[in-house]
Amino acid sequence: MLSPSRLLLLFAIPLLLAGCSASVKQRIAACQAGDWQQIGKTDGLDGAPATFAERKEFCDDHGNNPPAAQDAGVRYAAGWQAGNAEMWSTVGAADGARGLPQAQFAVRAAGEEVRKRKTPVNQPAYDAGWLKGNAQYWEGIGKRDGVAGQPATRADARRSEAAASPARFDAAAYGSGWRVGNRQFWQDAGANDAANGVPDKEFLVRAATARDAGVQVQEDVYRAAWNAGIVSYWRNLGARDAVCGTEFAARGREAKAKGLKIFEADYRQAWEKRLADYWSQAGRDDGYGKPFQLDQRIASAGRDGVFVIAATRALYGQAWDAENARYCVPDNAFERGRANAGMAVEVCREALRNPLKRAYMSGQDYAIAEAKQQLAVNEASQLEASVIDTRRRLDRLDRDRNGQSGKDKPAKDDAAKEDRRREQERRELVERLRRQERQLDDARRWIDQNDFQMRSLRRSTY
């Protein structure tokens, strides 16, 4: 079954061979299911003409299919009509939603793909779909006008615009969309005023301006959005002020001066939470490799624009302890030594410092051994390649000597000279091979020794 977008493509591009292949598989599966109404609907949706006889013959040719029921032709026809109508309705709805005129049907019906596939046309189904799509089109325009704060009388201008174009104006759909948009307009106005700390008395100004412009006023929508947003305003303000050096007293005076409703509890709750998060984060930042410096942070709090709260010492201390415990472990010291990243063991408990230093130095030694190991592995790989090449040359030399036919043999003196040359080359290759194999054995032993050292260094961490 084709999707709406695929149905539109039916009129714009040729069918793909891969699509045809998939269609054959779907048809075989439909034959095996024996649902002739669904088979007919699939053909209708695909834009194919009603071809019950061909479909029945196709199913008969693909064995293991149940015999067609006596009413199969009737059910196929009913399914095909439903599929064909759905296809044309979908195309019409898409055209209408794009603002295309209803006369677009003639273009669709005369399309190359329709002619090629001999798709039966169905204007009533197209028209029904087009009316739905056209309604969606004008509903969307109406909503946009409403959201933009346009008056309902904007419909008259839209009707005039439509009269000058092939589009058909749908007043009911436009009005429905405009009402949704107008409600959104007042909802946005209330939410934006609250988010910016504008008192709800601003509504009176907005309402007067809207009436002058002929825009419908929805006070209940504005006030509901404002009331929901003003709480968030005070919470956001409290969280921001906590790390910007401002307290509620100053905000309260400002709010009273401009007639803004005050939500002190929400402000203070957000203010306290932001400071709790701040001091916990400060403890975490210092705890991982830095000394306990709460007193210094408290002393500079005023300059930093933050406040000290009752829970400051506990929050900072708990976070610092947790991060310090995570920092002061042998595994971390080992990895930092391995990366040559430095380790501030002086921030750790005295009983841990020497083990951490040993772990750090083991990490450094491990990094050196690791580098040597990589060099040894690379050298061994090169030696293995050299050994293989030397053995191959020896094998080739022996084959050449043993495989030389009588007629290809050189004269006696030349043959003796050639044999001596080959024997000399062979001795050199054998000696080279022995030397390379000894070097390879040495390299492998060095790899094993390094591996043992690395494992020992890793174990020494604990």
Side-chain angles (χ1 to χ4, degrees), residues 280-293 317-401 422-462:
S280 291
Q281 187 59 53
R284 285 192 291 271
D285 291 343
D286 291 348
Y288 199 77
K290 295 179 183 177
F292 190 91
Q293 45 190 352
Q318 290 169 4
W320 190 93
D321 287 342
E323 286 300 296
N324 179 261
R326 194 167 71 88
Y327 180 80
C328 298
V329 292
D331 269 348
N332 185 47
F334 181 90
E335 292 300 332
R336 295 181 74 85
R338 182 181 175 186
N340 199 28
M343 180 75 184
V345 296
E346 66 275 6
V347 305
C348 302
R349 289 187 293 111
E350 187 172 356
L352 296 174
R353 292 176 186 175
N354 286 334
L356 291 174
K357 288 178 182 178
R358 287 195 297 271
Y360 184 85
M361 288 187 291
S362 293
Q364 290 184 315
D365 292 340
Y366 187 93
I368 296 171
E370 197 172 29
K372 290 180 179 178
Q373 180 77 325
Q374 188 58 55
L375 290 174
V377 169
N378 293 341
E379 183 180 358
S381 297
Q382 293 173 359
L383 286 169
E384 285 177 354
S386 297
V387 166
I388 292 171
D389 180 65
T390 303
R391 286 174 177 167
R392 187 182 296 114
R393 292 177 62 183
L394 268 171
D395 291 341
R396 186 167 58 247
L397 187 65
D398 290 340
R399 285 197 306 270
D400 289 347
R401 183 177 61 181
R422 288 181 185 226
E423 187 59 31
Q424 178 64 28
E425 183 178 359
R426 191 177 190 285
R427 283 195 299 270
E428 291 175 356
L429 287 173
V430 169
E431 180 59 31
R432 182 187 303 174
L433 179 60
R434 289 172 180 167
R435 185 173 62 255
Q436 290 172 341
E437 287 176 338
R438 286 195 300 271
Q439 291 173 338
L440 179 57
D441 288 341
D442 290 342
R444 286 170 175 168
R445 280 194 295 273
W446 180 242
I447 290 174
D448 292 340
Q449 290 172 5
N450 267 326
D451 186 60
F452 177 79
Q453 182 187 8
M454 290 166 69
R455 288 198 303 270
S456 298
L457 287 168
R458 177 68 79 176
R459 285 195 300 270
S460 69
T461 302
Y462 306 98

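The shortest heavy-atom contact between Tyr288 and Asn332 is OH-OD1, 3.1 Å. Between Ala376 and Ile447, the closest heavy-atom pair is CB-CG1, 3.6 Å. In terms of heavy atoms, Leu397 sits closest to Arg422 at CD2-O, 3.7 Å. Shortest non-hydrogen contact noted between Gln436 and Ser386 is OE1-O, 3.4 Å. Looking at every heavy atom in both residues, Ala380 comes nearest to Leu440 through O-CD1, 3.6 Å. Contact record, Val347 with Tyr327: CG2-CE2, 4.0 Å, taken as the closest heavy-atom pair.
The side-chain heavy atoms of Phe334 and Arg458, taken from C-beta on, include a pair separated by under 4.5 Å.
No side-chain donor-acceptor contact under 3.5 Å links Arg426 to the backbone of Leu394. In this structure, the side chain of Asp286 does not engage the main chain of Gln293 through any donor-acceptor pair within 3.5 Å. Arg338 places no side-chain N or O within donor-acceptor distance of the main-chain N or O of Ala367, the cut-off being under 3.5 Å. The backbone N or O of Cys348 sits less than 3.5 Å from a side-chain atom of Arg353, completing a donor-acceptor pair. Judged purely by atom type and a 3.5 angstrom limit, Tyr366 has no side-chain atom pairing as donor or acceptor with the backbone of Gly337.
Distance CZ/Arg349 to CG/Leu356: 9.5 Å, rounded to 0.5 Å. With values rounded to the nearest 0.5 angstrom, Asp451 atom CG is found 12.5 Å from Trp446 atom CH2. To the nearest 0.5 angstrom, Ile368 atom CD1 is 11.5 Å from Asn450 atom CG. Within the model, atoms CE of Met343 and SG of Cys328 stand 5.5 Å from one another, a figure rounded to the nearest 0.5 Å. To the nearest 0.5 Å, the span separating CD on Gln439 from CG on Asp441 amounts to 10.0 Å. Asp331 contributes atom CG, which lies 13.5 Å from atom CZ of Arg336 (distance to the nearest 0.5 angstrom).
Around CZ of Arg455, the count of heavy atoms belonging to other residues, nucleotides or ligands within 6.0 Å exceeds 12.
No side-chain N or O of Arg393 forms a donor-acceptor pair with one of Thr390 less than 3.5 Å apart. Defined by atom type and a distance below 3.5 Å, a donor-acceptor pair is present between the side-chain atoms of Gln374 and Asn378. With 3.5 Å as the limit, one finds a donor-acceptor pair spanning the side chains of Glu428 and Gln424.
A salt bridge is absent between Glu384 and Arg391; no separation between the charged side-chain nitrogens and carboxylate oxygens falls under 4.0 Å.
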Stepwise salt bridge (charged side-chain N to carboxylate O under 4.0 Å, His left out) test for Glu323 and Arg326: CA-CA 5 Å; Glu323 286 300 296; Arg326 194 167 71 88; 3.0 Å; yes

